[in-house]
Amino acid sequence: MVNLEVDSLVTGYSGKKILKNISFNVEKGEFLGIIGPNGSGKSTLIRALTQVIPTWNGCVKYDKKKIDHISRNDIAKKVSVVPQDTFINFPFTVRDVVLMGRSPYLGRFENPGKEDIKIAEETMKTTSTLRFKDRSVRDLSGGELQRVVLARALTQKPDLLLLDEATSQLDIGHKKEVMDTIKEKNEKKNLSVISVHHNLNLAARYCEKILLLDDGKKHAYGKPKEVLTNSHLRAVYGVEAEVHEHPKDGSLYVSPVDKKINTKKGEKTVHVICGGNSTGTLLKDLVEKGYEVTAGVLNVMDSDLEKADFLDLEVVTEAPFSSITHDSYEKNTELIKKADVVVVTDFPVGEGNIRNLEGVKEGVTNETELILVDIENIGERDFTEKNRGRELYAEISNKMEFEKVGSTEKVLKLL
Amino acid sequence: MESMREIIRKKPKSLFSFLSLLLLIVIIYSATVGTVDIPFQKVLAILLSETPLIGRWFPAFEGTDRTIVVNLRLPRILLGVIVGSSLAVSGTSMQGVFKNPLASPFILGVSAGGGMGAAVGIYIGITYYLLPLFAFIAALGTVILVFALGRVRGKTDIATLLLAGLAMNFLMSGLTNYIRYISPPEKEFHLRILAFMFGTLNGSIWKEAVISLPIMIIGIALVFAYSKDLNLFQMGEESAMQMGVEVERTKMIQLFTSSLLAATMVAFTGVIGFVGLMMPHAARLIVGPEHKKLIPTSALFGGIFLVVCDTISRMIGGIPVGIVTVLLGSPFFIYLLIKNRGETGW
């Protein structure tokens with residue numbers, strides 16, 4: 001059974017070095033993901049692992065044996081590849097193509113036997129391609145063809161399956177179907193898998209370990225949690241990304257955030273009073289429109305604070321789950337006074353954050369443009385004793401001019 | 001039709017037997033046709049008596065009919081079978097390696113090179129029997145040059161090879177045209193060059209069939225030996241490698257063998273067009289693209305087609321067979337095209 005060792009691998013094309021000193025191991029039954037930006041050497045690595053291109057330095061070993069000492073045919077019995085796409089000009093039937101997977105096991109003039117046909121039919125079953133086995137591959141959709149190619153790769157009976165962005169052409173349903181099929185083989189049949197992914201979320205979801213390549217070098221290698229971190233993604237992809245844990249199954253997921261570095265001072269300052277994930281995309285939108293945005297008072301771990309942090313905003317913060325202290329109340333009121341526009345979102349009002357509204361009452365002047373979101377329904381989100389929230393809103397709206405909008409999405413239109 | 005195709009694809013041996021029988025009948029019939037008509041039964045009897053091993057059980061023949069059949073018609077017909085099969089297999093191999101149904105045996109410059117060699121030979125007054133050697137050397141030389149140009153860093157790059165073939169085709173045709181331009185104006189002279197460019201079986205002799213037969217057998221056998229690799233090739237070179245194919249070796253063997261086949265045939269008969277391009281298509285329509293079935297079917301189709309075309313050419317006054325193949329082949333090709341339009345059946 002296969003055990004892959006890659007040791008200080010260096011290779012490339014016609015004098016151009018692509019992979020620089022890559023080392024990693026794949027044990028039997030492991031599911032390794034390879035990620036990295038375009039041109040980082042992912043596909044080159046797949047080629048080096050299948051001896052399509054020679055190694056310049058270092059080595060690739062299967063079961064302690066160097067790859068250049070194994071015949072192409074024997075490599076094909078251990079390792080099979082599903083490429084990103086396949087073009088077939090001639091009308092082979094699906095069955096013909098799947099049976100090609102048996103060719104490493106057959107002699108030059110040997111035809112596939114009963115056993116070979118049985119294996120092919122089994123893999124066609126698991127990839128749900130059996131029902132169109134007699135159709136020409138030229139009449140298939142991209143997703144169908146890709147599943148046929150997967151069936152062919154599985155028919156090779158590999159110990160190690162290499163996927164080179166194998167699902168990138170598929171729609172989301174088929175992506176999941178194909179990856180689930182492979183994962184099942186991986187778990188039940190101990191098939192080792194190395195999967196090159198463009199899509200970080202697929203990598204996070206299916207891989208036990210991830211190798212992050214950057215410019216042909218190993219940038220990070222380990223469990224998804226260790227590799228898919230904000231700092232790694234920023235360093236390699238040059239984007240800010242949020243890494244979350246999926247609430248259902250605990251797998252990670254990544255969502256890139258457009259970051260406009262907030263160096264230049266905006267023309268107008270907008271202070272947003274929020275909390276409890278009430279901002280939606282407001283903070284990001286405001287930053288993108290060129291406003292200087294501040295926010296407060298937010299508890300650590302509040303999702304609005306996370307968003308504000310990604311945008312590098314000036315925020316008045318408070319410890320998790322604790323009430324607004326005098327100190328942060330003062331700071332917040334300062335920001336309100338400085339702001340040209342103050343937006344009060346429809347955050348739930350409780351004893352902990354009631355002082356935010358007090359700050360508005362104190363800090364907003366006649367020059368301030370005040371926008372209150374959804375004040376009509378304050379009753380539904382006022383969780384204070386004695387309806388202090390409602391009272392404060394009434395006081396604010398009596399004391400000064402304001403504009404009201406139904407939801408945070410509409411705030412931007414007023415500005 | 002669909003179900004018949006299914007049966008053929010599942011039991012290709014019955015098709016091979018049928019086509020072999022058809023080829024035999026076509027050969028015998030073709031030997032009856034010419035300036036002197038000889039009855040079918042008599043031709044059959046003559047041929048049986050001349051067949052090695054079993055011939056001694058049949059009464060021997062003497063006289064003009066025997067001379068016409070054995071010395072004039074038979075070498076021509078057999079050369080037709082050899083050339084037709086060779087060009088068809090050469091085309092199948094080229095289409096397989098180039099993964100392109102438009103490839104032909106002449107794609108790497110065999111025809112233009114051979115034509116140039118023949119033109120030079122005729123121009124400097126080479127005697128008839130040395131002419132094939134001239135054409136062969138020029139044809140193979142052109143292909144080797146194309147190979148050299150198409151080799152990028154130790155690998156044969158298909159796209160570069162195609163372009164190199166195109167360039168050499170132009171260069172060699174240009175040279176041929178130049179030789180024709182500076183040639184003396186005698187009609188006979190130009191007719192000889194033209195006959196080569198159209199391709200003809202006129203004046204075929206036993207020696208030609210005897211020399212080309214082993215080349216055909218070895219060539220087709222080599223192409224056939226790598227038929228599994230040709231199938232895997234269709235998934236793309238990289239995928240083929242990952243399925244265990246020695247891609248470079250396969251490519252070189254296929255391209256060199258098919259060029260050698262084409263160069264040999266061009267040397268003896270000139271450039272007979274269309275057989276190598278169309279027969280693989282016709283065969284693919286019947287047996288599908290799987291090369292283990294496709295190569296023998298193409299070979300049989302090619303042999304039958306060229307002998308039929310040559311028979312027609314003799315019936316209508318001996319025009320070069322290369323003109324018949326094109327005139328007969330093109331409409332058939334267009335018919336297939338229309339019939340299969342919309343179906344991705346090539």
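Note that these values count all heavy atoms, side chains included, but never hydrogens, waters or copies made by symmetry. A, B, ... follow the sequence lines: proteins, then strands. Residue 1 opens every chain.
- Contacts between residues 243-261 of chain B and chain A, counted as heavy-atom pairs separated by less than 4.5 Å, involve B/Met243, B/Gly244, B/Val245, B/Glu246, B/Arg249.
- Judged purely by atom type and a 3.5 angstrom limit, A/Gln156 uses its side chain to pair as donor or acceptor with the backbone of B/Gln242.
- The structure places CD of B/Glu238 at 4.0 Å from CZ of A/Arg47, a figure rounded to the nearest 0.5 Å.
- Listed in order of number, the residues of residues 95-112 of chain A that approach chain B to under 4.5 Å between heavy atoms are A/Val97, A/Met100, A/Ser103, A/Pro104, A/Leu106, A/Gly107, A/Arg108, A/Phe109, A/Glu110, A/Asn111.
- Counted within 6.0 Å of CZ on B/Phe18, heavy atoms from surrounding residues, nucleotides or ligands total 12 or fewer; the atom is thus considered open.
- Per-residue heavy-atom pair counts under 4.5 Å with chain B were compared for A/Ser14, A/Ala153, A/Ser80, A/Pro83, and the maximum is reached by A/Ser14.
- Against chain A, the residues from residues 226-235 of chain B that qualify, each with a non-hydrogen atom under 4.5 angstrom away, are B/Tyr226, B/Lys228, B/Asp229, B/Asn231, B/Leu232, B/Gln234, B/Met235 in number order.
- Per-residue heavy-atom pair counts under 4.5 Å with chain B were compared for A/Thr50, A/Asn73, A/Val52, A/Asp134, and the maximum is reached by A/Val52.
- Contact of A/Ile88 with chain B is made through backbone and side chain together, with heavy-atom distances under 4.5 Å.
- The CG atom of B/Asn100 lies 7.0 Å from the CZ atom of A/Phe90; values are rounded to the nearest 0.5 Å.
- For A/Val10, the side-chain contact (heavy atoms from CB on, under 4.5 Å) partners two or more places apart in sequence, or in a different chain, are A/Lys17, A/Trp56, A/Asn57.
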